[in-house]
Amino acid sequence: MVWGDIEVAFGIREKDDRFEVISANRGHWVVDGVTSSRDSAVAVLLVRFGQLWRSFNGLHDPFPVGPAAGSRVSPVADGHLAEVNGERGVFRCEDDARVFTYVADRPHDDIVALMATH
């Protein structure tokens, strides 16, 4: 599943029973993270789309500075491991791991509403 234009694209792809969160800038694709479930990968995509909209509208990141209560973010060889309520993700960027802890186990409608909140 991919969405984008000629400049930027975001997507997820299944690989070996995991889900890669991918992005492209001018045709150069990178794996930003790998999640344990399709739902948590879709949650990350919803945040990415919401971050674009929020930036365009002059709104800031709606997530607190640290990881969500009851979650954990720790450095690993491939980046940053985020764990929350049975969901796991490894992300290149620590900030993506932090955000994952807030959305990985939430209903998608709740994430959309959160990202659209002024």
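With contacts defined as side-chain heavy-atom distances shorter than 4.5 Å, the pair R92/D78 does not qualify. Taking the side chain as every heavy atom from C-beta outward, I12 and V42 approach each other to under 4.5 Å. Here the side chains of D95 and H80 are not in contact, with every heavy-atom distance at 4.5 Å or above. You'll find the side chain of V76 reaches within 4.5 Å of the side chain of V90, heavy atoms only. Using a 4.5 Å cut-off on side-chain heavy atoms (C-beta onward), D96 and V44 make no contact.
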Between R48 and V21, does a side chain to side chain contact (heavy atoms under 4.5 Å, CB included) hold up when you go through it step by step?
-> CA-CA 10 Å; R48 292 278 168 88; V21 178; 4.1 Å; yes
Take V73 and F100 through the side chain to side chain contact (heavy atoms under 4.5 Å, CB included) test and state the conclusion after the steps.
-> CA-CA 9 Å; V73 173; F100 179 84; over 6 Å; no
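Residue pairs that meet the side chain to side chain donor-acceptor pair (under 3.5 Å) test with at least one member in residues 104-115, sequence neighbours left out, are N85-D105.
Considering L114, T117, V47 as possible partners of P62, the one that fulfils the side-chain contact (heavy atoms from CB on, under 4.5 Å) test is L114.
Using bins of under 30°, 30° to 60° and over 60° for the plane-to-plane angle, the ring pair F10/F49 lands in the perpendicular bin.
For E87, there are no salt bridge (charged side-chain N to carboxylate O under 4.0 Å, His left out) partners two or more places apart in sequence or in a different chain.
A salt bridge is defined here as a Lys NZ or Arg NE, NH1 or NH2 lying under 4.0 Å from an Asp or Glu carboxylate O, and R38 with D17 fails to meet this definition.
The backbone N or O of P64 lies less than 3.5 Å from a partner atom in the side chain of R98, making a donor-acceptor pair. Here the side chain of R54 pairs a donor or acceptor atom with the backbone of M115 at under 3.5 angstrom. A donor-acceptor pair is defined here as one N or O able to donate and one able to accept, closer than 3.5 Å; such a pair exists between the side chain of S36 and the backbone of R88.
Counting heavy-atom neighbours within 6.0 Å of E20 CD, excluding the residue itself, gives a total above 12.
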